[in-house]
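Let me begin by presenting the structure, written as structure tokens, before commenting on it.
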2 protein chains.
Amino acid sequence: MKAQALHGHLDALLLAVLEQGARHGYAIIEALRARSGGTLDLPTGTIYPALRRLERAGLVASTWSTVNGRERRTYRLTEAGGRALAGERAGWREFSATIGRFLGADEPPTVPA
Amino acid sequence: MKAQALHGHLDALLLAVLEQGARHGYAIIEALRARSGGTLDLPTGTIYPALRRLERAGLVASTWSTVNGRERRTYRLTEAGGRALAGERAGWREFSATIGRFLGADEPPTVPA
DNA sequence: GTCGCATCCGTAGCCTTGCTACACATGAAG
DNA sequence: CTTCATGTGTAGCAAGGCTACGGATGCGAC
């Protein structure tokens, strides 16, 4: 998969991973790789800056801890982050439905009223 | 919808529109807007360069014609473009499925009642 | 007649955002 | 002691869509 295509959806992915529990950067990368079946194998140079960006935006918060003598920065979702994630999900659904309309619908029905 | 999210999928969209028949730039923009229910309203500064890029890549071909005294450049899908579109569709499915695994179908990490 | 708008094409440069390449530190294994 | 996995981080590049322009014609309005 062209990693480039992630453009604009990375934040949502990060938020979604953190939604399942606090994690540190390295673990987030592994979670992404595991949950995507190996498709998403993002480099640290992508994740760390993104996490800092998210923290500046107040969507995640971090705390340092020492594990086995190593410093870890553990991130967790803030309330604002949770709301942002909900918005991102809605945005993804719309985006995905729209593009899917052109490239082949494999969309789950959007529950018509 | 954040237009920025299109990153990397615009070419596929253009190819998909052209698959339904040859069109000129302006008409492509309108087709995109119409078929997406108004969600996709792309500026000419996005479409024209993209079309030229596609033409350089040999995925579309253009012919000029004059309609009502106005010059029109009409694009049509080439065979290579058709094959590329098939690949883009496959790529979209994979991408969409991958991201969807995180953002799409609500999969609460906990028990589904 | 001429003003404004829709129709039509096109380019330059910006901006966002992910990626590559690099730098640095510690514990465990050989 | 060297090497690898774990762990965090930055600088600068590259890709690609967007903004802001610029130019031209047909047609209805005033």
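Reckoned from all heavy atoms, side chains included, excluding hydrogens, waters and symmetry mates. Chain A is the first sequence line, chain B the second, and so forth, proteins listed ahead of strands; every chain is numbered from 1.
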Tell me every residue that passes side chain to side chain contact (heavy atoms under 4.5 Å, CB included) with Ala90(B), counting only those two or more places apart in sequence or in another chain.
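Expected list: none.
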
With Ala86(A), which residues qualify under side chain to side chain contact (heavy atoms under 4.5 Å, CB included), at least two apart?
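Residues passing side chain to side chain contact (heavy atoms under 4.5 Å, CB included) with Ala86(A): none at all.
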
Between [N] ([atom2]) and [X] ([atom1]): distance, integer Å:
{"X": "His9(B)", "N": "dT17(C)", "atom1": "NE2", "atom2": "C1'", "answer": "14 Å"}
{"X": "Ile47(A)", "N": "dT17(C)", "atom1": "CD1", "atom2": "C1'", "answer": "12 Å"}
{"X": "His7(B)", "N": "dA14(D)", "atom1": "NE2", "atom2": "P", "answer": "16 Å"}
{"X": "Leu6(A)", "N": "dT17(C)", "atom1": "CG", "atom2": "P", "answer": "13 Å"}
{"X": "Ile29(B)", "N": "dG17(D)", "atom1": "CD1", "atom2": "P", "answer": "14 Å"}
{"X": "Leu14(B)", "N": "dG16(D)", "atom1": "CG", "atom2": "P", "answer": "13 Å"}
{"X": "Asp11(A)", "N": "dT17(C)", "atom1": "CG", "atom2": "C1'", "answer": "9 Å"}
{"X": "Arg56(B)", "N": "dA15(D)", "atom1": "CZ", "atom2": "P", "answer": "13 Å"}

Hey, is the side chain of Arg53(B) poking within less than 4.0 Å of OP1 or OP2 on dG17(D), counting only N and O atoms?
yes

Is the closest side-chain heavy-atom distance between Ile28(A) and Leu51(A) below 4.5 Å?
yes

Just wondering, do Arg76(B) and Val60(B) contact through their side chains at under 4.5 Å, heavy atoms?
no

Using heavy atoms to find the nearest nucleotide of DNA chain D for Pro43(B) and Pro49(A) separately, return the residue whose nucleotide is more 5′.
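Its nearest nucleotide being more 5', the pick is Pro49(A).
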
Test side chain to side chain contact (heavy atoms under 4.5 Å, CB included) on Leu18(B) and Leu59(B); report intermediate values, then the result.
CA-CA 10 Å; Leu18(B) 254 17; Leu59(B) 305 185; over 6 Å; no

Nucleotides 5-10 of chain C: protein proximity per nucleotide (B base, S sugar-phosphate only, - neither; heavy atom, under 4.0 Å):
--BSBB

Is the gap between the ring centers of Phe102(B) and His9(A) under 6.0 Å?
no

